[in-house]
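Below you'll find the structure, written out as structure tokens, and then a few comments.
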Amino acid sequence: PGFEGLLDDLQFYSGVLAATNIAFLYSNPGAIVSDSTTNPPPVLTLAQALNATNLIFATDSAAPWFAQTTHSHDGVAAVQSGAIGDSSETWLETSVTGPGRLSFWWKVSCEADADFCQLWADGHLEAEITGEQNWTQVTLDLPAGQRFLRWLYSKNSSSTQGADAATG
């Protein structure tokens, strides 16, 4: 018979996953967990990887951002944009209450002046990076009230360059 349909977030592991890891993967599409049963590393949420456990983050379900420990500014963890094709985008968002100062580090590896990582605050473009950019700090003063923040990684309709990903 075989399989007919679509697969999303297919991952292979060499061992049996713990029930907590399975529940985490179900709640955090695109995340990766260790299949080591002897000394598994802790599974990080988006908020933990961003050092912002007081915030709730949402991500695009088609190409979710995920916590990772390979590339980070602080040497511990960061989040990375999900894999997307040409003419696509993926996002990570949260809301905060101002007034206050938002400060974060980000980097991007993509086609210069064609693919972008952008920060939007309340629907207004506040910052963007493109091309091969190493870790850069962004600081933004937020006015009083509820503020909606969205990091958007988008690709144009042609060419692939670099890692084609944003990291923050």
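Please read these numbers as outputs of a predicted model, since none were measured by experiment. Just the heavy atoms: all of them, side chains too, but no hydrogens, waters or symmetry mates, feed the values below.
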Donor-acceptor side-chain pairing of W91 and E89 below 3.5 angstrom: no
Separation between OH of Y153 and SG of C117, rounded to the nearest 0.5 Å: 8.5 Å
Under 3.5 Å donor-acceptor, T69 side chain and V76 backbone: no
Nearest non-hydrogen partners of G82 and F66, listed with the distance: CA-CE2, 4.5 Å
Atom pair CD1 (I84) and OG (S154), whose distance is rounded to the nearest 0.5 Å: 7.0 Å
Distance-minimising heavy-atom pair for C110 and E132: N-OE2, 3.7 Å
Distance (rounded to the nearest 0.5 Å) between R150 CZ and T59 OG1: 9.5 Å
Shortest non-hydrogen separation from H73 to W135 and the atoms involved: N-CZ2, 3.4 Å
W105/D74 under side-chain contact (heavy atoms from CB on, under 4.5 Å): CA gap, chis, key distance, verdict: CA-CA 9 Å; W105 291 85; D74 65 4; over 6 Å; no
Aromatic ring pairing F57/W151, orientation class (parallel under 30°, perpendicular over 60°, tilted between): tilted
L142 vs V96 side-chain heavy atoms within contact, under 4.5 Å: yes
Salt bridge (charged side-chain N to carboxylate O under 4.0 Å, His left out) partners for D141, two or more places apart: R101
Donor-acceptor contact present, side-chain D115 to main-chain N156, <3.5 Å: yes
CG/L125: more than 12 non-hydrogen atoms of other groups inside 6.0 Å: yes
Residue pair F148 / E93: nearest heavy atoms and the distance that separates them: CZ-OE1, 3.0 Å
Gap separating the CD atom of Q80 from the CG atom of L92, nearest 0.5 angstrom: 12.5 Å
Hydrophobic cluster identity match, V108 and L50, side-chain contacts under 4.5 Å: yes
Single-linkage hydrophobic cluster V138~L152, side-chain heavy atoms < 4.5 angstrom: no
Minimum heavy-atom distance L46-V79, with the two atoms named: CD2-CG1, 3.6 Å
Test item: P64 and T90 side chains (from C-beta on) under 4.5 Å apart, heavy atoms: no
S72 (side chain) donor-acceptor with T70 (main chain) under 3.5 angstrom: no
Same apolar cluster (I L V M F W Y, side chains within < 4.5 Å links), L140/L55: yes
L119 to F104 - nearest heavy-atom pair and separation: CD2-CE2, 3.6 Å
Q48 CD to T53 OG1 distance, which is reported to the nearest 0.5 Å: 7.5 Å
